[in-house]
Amino acid sequence: MSRPNRFFHVIRIGPVKVASYNDRRGTTKHTAACTAPGCGFSADYRDRPAAELAARTHQCKA
């Protein structure tokens, strides 16, 4: 049984939340996910600046 994802260093940039987490291999990954209803944007990145850039440049289609 695997343990659940534990997000840390969570920030909000507009409607997008950016967070870091450790994957099953122990590698730190970063994710950006839009919280607007019906948007559905989310992506994983290897470095934090890339995730924050995606959050800053995201334009909701919803």
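As the structure is a prediction and not an experimental result, all values here were calculated from the model. Computed from heavy atoms alone, side chains included, the values below leave out hydrogens, waters and symmetry copies.
Within the structure, the salt bridge (charged side-chain N to carboxylate O under 4.0 Å, His left out) test picks out the following pairs touching residues 35-49 (sequence neighbours left out): Arg48-Glu52.
Here the closest non-hydrogen pair linking Ala51 and Ala32 is O-CB, 3.8 Å. Shortest non-hydrogen contact noted between Phe7 and Ala19 is CD2-CB, 3.8 Å.
Side-chain contact of Ser20 with His9: a donor-acceptor pair under 3.5 Å is absent, judged by distance alone.
Proximity of the aromatic rings of Tyr45 and His30 is defined here by a centroid distance below 6.0 angstrom, and this criterion is not met.
Here the SG atom belonging to Cys34 is positioned 11.5 Å from the CD atom belonging to Gln59, to the nearest 0.5 angstrom.
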Going through the distances and angles, do Arg12 and Val18 end up as a side chain to side chain contact (heavy atoms under 4.5 Å, CB included)?
CA-CA 6 Å; Arg12 186 177 194 103; Val18 177; over 6 Å; no

When you look at Thr31 and Tyr21, which way does the side chain to side chain contact (heavy atoms under 4.5 Å, CB included) test go after all the steps?
CA-CA 8 Å; Thr31 189; Tyr21 67 96; 4.2 Å; yes

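Formation of a donor-acceptor pair under 3.5 Å by the Thr57 side chain with backbone atoms of Leu53 is found in this model.
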